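Bear in mind the structure is a predicted one, so any value in this text is a computation, not a measurement.
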Amino acid sequence: MTRLNGEFTIMLIVSSEREITSEKILESLQEVGQSFELFMVCRELEEIVYAQPEAIYRIVVFGSDKPGIVYSVASRLAGLGLNISDLRTEKRGNLYVMLIEAEGKEDMEDRLREAMEEVKQSIGVEISLEREEGERL
């Protein structure tokens with residue numbers, strides 16, 4: 001769930017033992033959708049199995065809003081070979097907050113901390129970082 005341009009948005013992934021098509025799901029929700037003026041899309045997803053990451057990092061960036069914050073952080077993560085699996089932002093007045101979950105094939109916490117320290121200094125934001133503990137992966 002999130003807000004996009006002032007609109008509340010929900011995305012769900014649903015599975016069922018029953019044989020049911022995306023058209024039937026939309027048909028069964030039509031009355032509710034009309035009642036609440038909802039825009040709904042439903043489609044079937046193919047099953048994809050992803051490799052388990054070796055390391056997951058949670059990164060919080062906050063500071064005065066300015067152009068280039070997302071780019072600066074995301075490009076450094078990509079340069080380290082990390083994948084951004086979740087990214088959320090929020091703006092309160094001039095305060096900008098970005099929450100990132102990044103995952104990698106190997107533990108690189110020290111290199112990541114150095115890179116985020118460089119980003120902090122170059123764009124003038126605060127950044128906190130923590131590594132998800134192995135047993136929770």
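L82 contributes atom CG, which lies 9.0 Å from atom CD of E103 (distance to the nearest 0.5 angstrom). To the nearest 0.5 angstrom, R76 atom CZ is 10.5 Å from Y71 atom OH. Atom SG of C42 and atom CD of E23 lie 8.0 Å apart (nearest 0.5 Å). A distance of 6.5 Å separates NZ of K66 from CD1 of I123, quoted to the nearest 0.5 Å. The CD1 atom of I69 sits 6.0 Å away from the OH atom of Y96 when rounded to the nearest 0.5 Å. Here CD of E114 is found 11.5 Å from CD of E109. Values are rounded to the nearest 0.5 Å.
Between R111 and E106 the shortest side-chain heavy-atom distance falls below 4.5 Å. The closest side-chain heavy-atom distance from D65 to R92 is not below 4.5 Å. The shortest side-chain heavy-atom distance between R131 and D107 falls under the 4.5 Å cut-off. Put simply, the side chain of V70 reaches to within 4.5 Å of the side chain of M98, judged on heavy atoms. In this structure, the side chains of I59 and L99 stay at 4.5 Å or more apart for every pair of heavy atoms.
Classification of R113 and E117 as a salt-bridged pair fails, no side-chain N sitting under 4.0 Å from a carboxylate O. We find that E118 and K120 are not joined by a salt bridge, their nearest charged nitrogen and carboxylate oxygen being 4.0 Å or further apart.
Counting only N and O atoms by type, the side chains of E44 and S22 include no donor and acceptor under 3.5 Å apart.
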